[in-house]
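From a predicted model like this one, the values you see are computed outputs, not experimental measurements.
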Amino acid sequence: MNQNPTKHTKVLIIGSGPAGYTAAVYAARAMLNPVLVHGMEPGGQLTTTTDVENYPGFAEVIQGPWLMDQMKDQAKAVGTEMIEDHISSVNLKSKPFEAVGESGQKFTADSIIISTGAQARWLNIKSEQEYRGFGVSACATCDGFFFKEKTVAVVGGGNAAVEEAMFLTKFASKVKLIHRRNELRAEKMLQKKLMENKKIEIIWDSVIEEVIGDKDPKNVTGIKIKNVKSNKIEDLKIDGLFIAIGHDPATQLFKDHLEMDKEGYLITKSDSTETNVPGVFAAGDVKDKIFRQAVTAAGMGCMAALEAEKHLSHK
């Protein structure tokens, strides 16, 4: 058990990644001496993204983990205290807010910025994880560009899957949408557009059994799919596989404390990062299921810090 006395801060930032680090930079520069609590592998989803070509300010390709290290060092340099711990409970009912880490460390805070992010759902088959970043992706906006004039497959049946399939037709010569049922969950308008697109072929009632590829250089060459009705296994030749079966925001901790939508994303006021509890802000993928980009997360981190500063100055 940790015997450290309670640690008080004006701004407690929970979670790292572009949103948390940017919030920390702005809060530190506003002389708020923020404390940022991060897990064992700080940096969020970008730490699993190798080539980043769409973050503003870098003409050359940069590496996701490097970008996160830079943001972390920047936040530290301007005066953020970084603590490795995992917040296991919060109390947002009374002021100051309270948070307790798994280490036993207790934090009190005048304001909280939540930037715990989200994780893409994976099919969780061994071969999929093996080729992650080598032809298997969970983000068409990020990686579609690498598949010019190639054949790709998208797995899923909701809005995200249909949108990703349509987006990929800008680059790929052929897109195969694989869905385990015989109808899509996506909105009717989207479905109509999808059906009209000559580049897209829908493969119904099918699941992916295995991702096939070369070892050296490592890249995807195909997939084995199984028809759930006939159990027939078929090999498809593809160059890339996009998993679009949803994301899970890391919001368990806030279940009975903050308003969230049915998928668990935190709800904030319009044009703001403020949650339904004044003084508690949410930034990045923990509240954003539309854009999900490093640059939009960083933008929200900045907003959250400025809003926290304003909130504290009015107290």
*Over all heavy atoms of both residues, which pair between V286 and G117 is shortest? Give the atoms and the distance, please.*
CB-N, 3.7 Å
*Does the salt bridge (Lys or Arg N to Asp or Glu O under 4.0 Å) test come out yes or no for D205 and R181, once each step is laid out?*
CA-CA 5 Å; D205 300 313; R181 288 195 270 281; over 6 Å; no
*Nearest 0.5 Å, what's the CG-CD1 distance between L241 and I178?*
7.0 Å
*Run the side chain to side chain contact (heavy atoms under 4.5 Å, CB included) check on K226 and K232 step by step: do they pass?*
CA-CA 6 Å; K226 180 172 101 172; K232 195 173 133 254; over 6 Å; no
*If you round to the nearest 0.5 Å, how far is CG of L253 from NE2 of H86?*
7.0 Å
*Taking atom types as modelled, is there a side-chain donor on Q252 or K255 under 3.5 Å from an acceptor on the other?*
yes
_Checking T273 against E307: is there a side-chain donor and acceptor pair closer than 3.5 Å?_
yes
_Rounded to the nearest 0.5 Å, what separates atom CG in D214 from atom OH in Y131?_
6.5 Å
*Check whether any side-chain N or O of S115 sits under 3.5 Å from a backbone N or O of A283 as a donor-acceptor pair, and report yes or no.*
no
_Distance in Å, I13 CD1 paired with T116 OG1, rounded so as to fall on 0.5 Å steps_ = 12.5 Å
*For N33 and E81, test the side chains for any donor-to-acceptor distance below 3.5 angstrom and give the result as yes or no.*
no
*asked:* Show the nearest heavy-atom pair for residues P42 and T47, with the distance to one decimal.
replied: O-CG2, 3.3 Å
*asked:* Below 30° counts as parallel, above 60° as perpendicular, anything between as tilted: where do the rings of F58 and Y55 land?
replied: tilted
*Pairs where residues 270-315 contributes a residue and the test ring-ring contact (aromatic ring centres under 6.0 Å, His included) is met, not counting sequence neighbours*: none
*With no hydrogens and no angle check, is any side-chain donor or acceptor of S111 less than 3.5 Å from a backbone partner on K10?*
yes
*Below 4.5 Å, heavy atoms only, C-beta onward: do M166 and L194 meet side chain to side chain?*
yes
_As an exercise, state the distance from OG1 of T275 to CE of M260, rounded to the nearest 0.5 Å._
10.0 Å
*For the pair H38 and K72, evaluate side chain to side chain contact (heavy atoms under 4.5 Å, CB included) and give the outcome as yes or no after the intermediate values.*
CA-CA 11 Å; H38 62 79; K72 185 181 186 185; 4.1 Å; yes
*asked:* Between S16 and G43 (side chain of the first, backbone of the second, donor and acceptor by atom type, cut-off under 3.5 Å), is there such a pair?
replied: yes
*Which is it for I114 and T251 under the side chain to side chain contact (heavy atoms under 4.5 Å, CB included) test, yes or no, and what are the steps along the way?*
CA-CA 9 Å; I114 300 163; T251 52; over 6 Å; no
_K93, NZ atom: more than 12 neighbouring heavy atoms under 6.0 Å_ = yes
*Find out if a path of hydrophobic residues (ILVMFWY) with successive side-chain heavy-atom gaps under 4.5 Å connects M68 to I62.*
yes
*salt bridge (Lys or Arg N to Asp or Glu O under 4.0 Å) between E234 and K224: does it pass, once the steps are laid out?*
CA-CA 6 Å; E234 186 189 350; K224 275 192 193 315; over 6 Å; no
*Compare all side-chain heavy atoms of R185 with those of H179 and state whether any distance is below 4.5 angstrom.*
yes
*Please say whether more than 12 non-hydrogen atoms of neighbouring residues, nucleotides or ligands are located less than 6.0 Å from NZ in K174.*
yes
*State plainly whether one hydrophobic cluster holds both V277 and M300, where clusters connect Ile, Leu, Val, Met, Phe, Trp and Tyr through side-chain heavy atoms under 4.5 angstrom apart.*
no
*asked:* Can you confirm whether M195 is buried at CE, in the sense that more than 12 heavy atoms of other residues, nucleotides or ligands lie under 6.0 Å from that atom?
replied: yes
*Does any non-hydrogen side-chain atom of I225 lie less than 4.5 Å from one of N227?*
no
*Count the heavy atoms belonging to other residues, nucleotides or ligands that lie under 6.0 Å from CZ of R121, then report whether that count exceeds 12.*
yes
*Should we say atom CD of E41 is surrounded by more than 12 heavy atoms from elsewhere, each under 6.0 Å from it?*
no
*Checking D261 side chain against Y265 main chain: does a donor-acceptor pair fall under 3.5 Å?*
yes
*Under a 4.5 Å cut-off applied to non-hydrogen side-chain atoms, are L258 and I267 in contact?*
no
_Strictly distance-based, threshold 3.5 Å: is any side-chain N or O of Q105 a donor or acceptor partner for the main-chain N or O of P5?_
yes
*Does the salt bridge (Lys or Arg N to Asp or Glu O under 4.0 Å) test come out yes or no for R29 and E309, once each step is laid out?*
CA-CA 11 Å; R29 289 175 57 101; E309 181 189 12; over 6 Å; no
*Within 45° of the ring axis of F134 and under 6.0 Å from its six-membered ring centre, is that where the NZ or CZ of K218 lies?*
yes
*Could you verify whether a donor N or O on one side chain and an acceptor N or O on the other, from D85 and S103, lie under 3.5 Å apart?*
yes
*Nearest heavy atoms of V154 and A165, plus distance in Å*: CG2-CA, 4.0 Å
*More than 12 non-hydrogen atoms from neighbouring residues, nucleotides or ligands closer than 6.0 Å to NZ on K193, yes or no?*
no
_Value rounded to 0.5 Å, distance of CD1 in I243 from SG in C139_ = 12.5 Å
*Shortest non-hydrogen contact from W122 to A138?*
CH2-CB, 3.7 Å
*Quick one: does T151's side chain have a donor or acceptor within less than 3.5 Å of a partner on D239's backbone?*
no
*Return the minimal non-hydrogen interatomic distance between T22 and C302, and the atom names on each side.*
CG2-N, 3.8 Å
*K310, NZ: over 12 other non-hydrogen atoms inside 6.0 angstrom*: no
*Smallest separation among heavy atoms of F97 and D110, with atom names*: CE1-O, 3.7 Å
*With side chains defined as the heavy atoms from C-beta onward, is the minimum distance between V175 and E201 less than 4.5 Å?*
no
_Can you confirm whether F254 is buried at CZ, in the sense that more than 12 heavy atoms of other residues, nucleotides or ligands lie under 6.0 Å from that atom?_
yes
*If we only count heavy atoms from C-beta on, is the L36 to I83 side-chain gap below 4.5 Å?*
no
*Side-chain donor/acceptor of N276 to backbone N/O of E259, under 3.5 Å*: yes
*Kindly work out whether a path of hydrophobic side-chain contacts (I/L/V/M/F/W/Y, heavy atoms less than 4.5 Å apart) joins V295 to L67.*
yes
*So, R132 and E128, do they make that salt bridge, N to O below 4.0 Å?*
no
*What do the steps show when you test I223 against E210 for side chain to side chain contact (heavy atoms under 4.5 Å, CB included), and what is the final call?*
CA-CA 6 Å; I223 46 175; E210 196 189 342; over 6 Å; no
*Would you find a donor on one side and an acceptor on the other, under 3.5 Å apart, between the side chain of T296 and the backbone of Q293?*
yes
*Please tell me if the side chains of Q70 and Q74 come closer than 4.5 Å, counting only heavy atoms from C-beta onward.*
no
*Tell me, do F242 and V136 make a side-chain contact under 4.5 Å, heavy atoms counted?*
no
*With no hydrogens and no angle check, is any side-chain donor or acceptor of E98 less than 3.5 Å from a backbone partner on L92?*
no
*asked:* Closer than 3.5 angstrom, by distance alone: can the side chain of T80 be matched with the main-chain N or O of A75 as a donor-acceptor pair?
replied: yes
